[in-house]
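To start, the structure under review is shown below, and the notes come after it.
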Amino acid sequence: MSATVGKDAAAPPAQRMAKRVGLGRTVGAVMRKELLVELRTLESVPAMSLFAVTTFVIFHFALNRGSVEGDLASGILWVTLLFAAILGVNRLFVADAEEGGFDGFLLAPVDRSAMLIAKGLTLLVYLLALEIVAVPAFSLLLLGPSVGPALGGLVATLLLADVGIAVIGTMVAAMAVRTRARDLLGPLLSLPLFVPIVIGAARCTAPLLAYAHRTGPSGRWLATLGVYDLVFGLIAYALFDFLLED
Amino acid sequence: MASRSYGKGLRALSITTVLAMTAALALTFFYAPLEAEQGFLQKIFYVHVPLAIVALCGFVLGGLFAIQHLRTRDPRWDMRSYVAIHMALIFGLATLITGAIWAKGSWGHWWVWNEPTLVSFLIVFLLYATYQPLRFAIEDPERQARYASVFAVTAGAFVPLNFIAVRMSTAFVHPRVLGSTSNLPGPMRLTFLISLAAIALLYATLCKYELTAKHTRAQVRALRRRLAGETAGTRGRSAAPSALPEGAQRPGSGQPETLAPSFGAGSAPGTVG
Amino acid sequence: MPVLEVEGLTRRYGERDALSEVCLTLAEGRTLVVFGPNGAGKTTLLRVLATLLRPHAGSVRVLGSGLPDEAWAVRGRVGLLAHEPLLYRELTAAQNLRYHARLHGVGEERIAELLDAVAMSRRADEPLRTLSRGMVQRIAVARAVLHDPELLLLDEPYANLDPAAIELVSPLIGPASRRTRVVASHDPGRGLAEADVVLGLRAGRPALLAAATSVAPAEITELYR
């Protein structure tokens, strides 16, 4: 026990400095903790996936259709994915806000952007996990044309859209979680910001999910998604620190 | 005193605005020629488009003020950002209404999805409509100001991006006079520019009125607190920032409390240990 | 060189002063005990010193660095034991400590050593939500001293601990730790016994600042009237 007692108290305080932990290691530490919590509680990903599958069933009855294609299919897919994503966004920082995780992180000699990057990557992982369930379920339950030939374009679009959703979702989640109306503000703030992503993503996937005239996603729309991701990534990077400090 | 500078120039600005608005309306109705296709209805162009431009600039301006607030932590920048966005929201609503009237007149529908300006405005309006609820949901005034600024910067950057995306998505550009102000005939162009100046002045004047009112209210509250002691006049929770003016005396400060007599027992302040 | 040099520290909450004109100095190895009723500003003071809250006015130097501008130089050198344990309820003690060890660049061996010191090795792999509050507090103590901080900030550290547990954590955060400490306390007896310097707060204002030897327990109970 004696080993734990103050060791190098001889050095004058001013000349000592805590060893700074690198950005990559910090991101790794936070992500590891996130995924551990998620594996233990299974709060986000299963709920998001279940929500998506149930929503497809709802769409079947609400539209009274056995199968959909083209614009309609693309729209159903994106509405469902976005609303499922919002479930994950709402939960993203709850444990940190309620259990003092923010303070624990802020006390450490680390770059605060690591929190943004780690949370964004965590949300990205959640979204990918959601889509691994939701896209096959969609193709099984509702989609008319087979998804096989469109897979490449679909994956590219999903990835670009997911990055945007993850960046905006992380920022909005961090903003909403320390307010009294977090469950309301999360969706209200994020949905309008998601509109350009929906425009781009839905335009990309509509021709992929059609019977006739199947073409790849338009390069112009993929580029738009990419630019949107990039701009919001920079904005989030510049502003995230202000959401953490007091 | 700081409070004077807030009200200063308000009268001159108000008079200029009234004159400019009168001139703009007179030009619109008596000088600008009737447009060949749309006739009298096209006159709404001189209100709708300047409103849209000013509202947009107001949102972006709110974002720029918010950047200043984040950089300096001066609550007065937060106040400016709040007022700029608040006013732009009202102008944005007016844009939506005039746009709907124009759409009804031109196409017979109150709402058309192929008019990118209108659609973009709706999205931007929906986003900024959460600005006040966001502020209201945060109790700590300093955090409220900081989060509101982060929102304002993000949303300010979103405004042009959203416009581009929506514009790209509307396949056909509708037959309208707006957008291409550069090839307007001379009289129309002049009327449009005067209208734009008038609406911009109206925006500036209303912002200044709101700032002055907010400032005066904060001062009255501070004075009342000083009269009635700490407990009186504490402000209820509010979405609006409450920046005390720089020069105002904070209640309670300035009369350092004397320490308890026991304190003098042989130890100078803080030098123990 | 003093570990803490605070002059005219003011922190506002809206239009109210949570802390007002606080001045104090604390030399290395000494213990400052802060007394005051609930809402007097004890927690606010600790959070300012921990770099979690920015001072609004006055000058604050912690470990030779000025706050808030040089807060980055202070982080990782102070240990905060707050009201909340700052731990994740769903994770085990070992996982929680490993997370903080990574954030502070501390080696794994330190975790086992500390779990041993707070007698939690046996239940190190159970999620915190299944543990009692006293046990969680012991793990929080381990978390606070994980990176061997030069300055300890303790907010009612013994609140959930039984006498045996207090004995247990004493070498880590008690007077025996020989660290510089700031302790917020409600307990005049224990507080005075530990203190070198006493600060009494009342509605955010310093009402008492003196060497512990010159303060009578009655003066502290007076603060709560």
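None of these values were measured; they are calculated from a predicted model. Order of the sequence lines sets the chain letters (A, B, ...), proteins ahead of strands, with each chain counted from 1. Atom set for the values below is all heavy atoms of this structure, side chains included, hydrogens, waters and symmetry mates excluded.
The two residues C/Gly76 and A/Pro109 have their closest heavy-atom pair at CA-CD, 3.7 Å.
Within residues 34-51 of chain A, the residues having any heavy atom closer than 4.5 Å to a heavy atom of chain C are A/Leu36, A/Val37, A/Arg40, A/Thr41, listed by residue number. Residues of residues 154-164 of chain C lying under 4.5 angstrom from chain A, judged on non-hydrogen atoms, do not exist.
Residue with the most contacts toward chain C among A/Gly101, A/Gly28, A/Gly22: A/Gly101 (heavy-atom pairs, distance under 4.5 Å). Note on C/Arg143, C/His100, C/Gln95: by heavy-atom pairs under 4.5 Å with chain A, the leading option is C/Gln95.
When the shell of 6.0 Å around CD of C/Glu70 is examined, it contains more than 12 heavy atoms from other residues, nucleotides or ligands. Other residues, nucleotides and ligands contribute over 12 non-hydrogen atoms within 6.0 Å of the OH atom of C/Tyr13. No more than 12 heavy atoms of other residues, nucleotides or ligands sit less than 6.0 Å from atom CD of C/Glu167.
Note that the CD atom of C/Glu90 and the CD atom of A/Glu99 stand 7.0 Å from one another [nearest 0.5 Å]. Distance check, rounded to the nearest 0.5 Å: CG of A/Leu107 to CG of C/Leu153 gives 8.5 Å. Here C/Leu86 contributes atom CG and A/Asp103 contributes atom CG; the two are 5.5 Å apart, rounded to the nearest 0.5 Å. Taking CZ of A/Arg25 as the reference point, atom CG of C/Leu103 lies at 10.5 Å (rounded to 0.5 Å).
Neither the backbone nor the side chain of C/Arg129 comes within contact range of chain A, judged by heavy atoms closer than 4.5 Å. Using a 4.5 Å cut-off between heavy atoms, C/Arg47 touches chain A through its side chain atoms alone.
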Pair C/Arg102, A/Lys33 - check side-chain contact (heavy atoms from CB on, under 4.5 Å), show working. CA-CA 10 Å; C/Arg102 289 201 182 104; A/Lys33 183 264 301 170; over 6 Å; no

Please step through side-chain contact (heavy atoms from CB on, under 4.5 Å) for the pair A/Asp96 and C/Tyr88, ending with a clear verdict. CA-CA 8 Å; A/Asp96 304 272; C/Tyr88 292 89; 2.4 Å; yes

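Considering only heavy atoms from C-beta on, C/Tyr99 comes within 4.5 Å of A/Val30 through its side chain.
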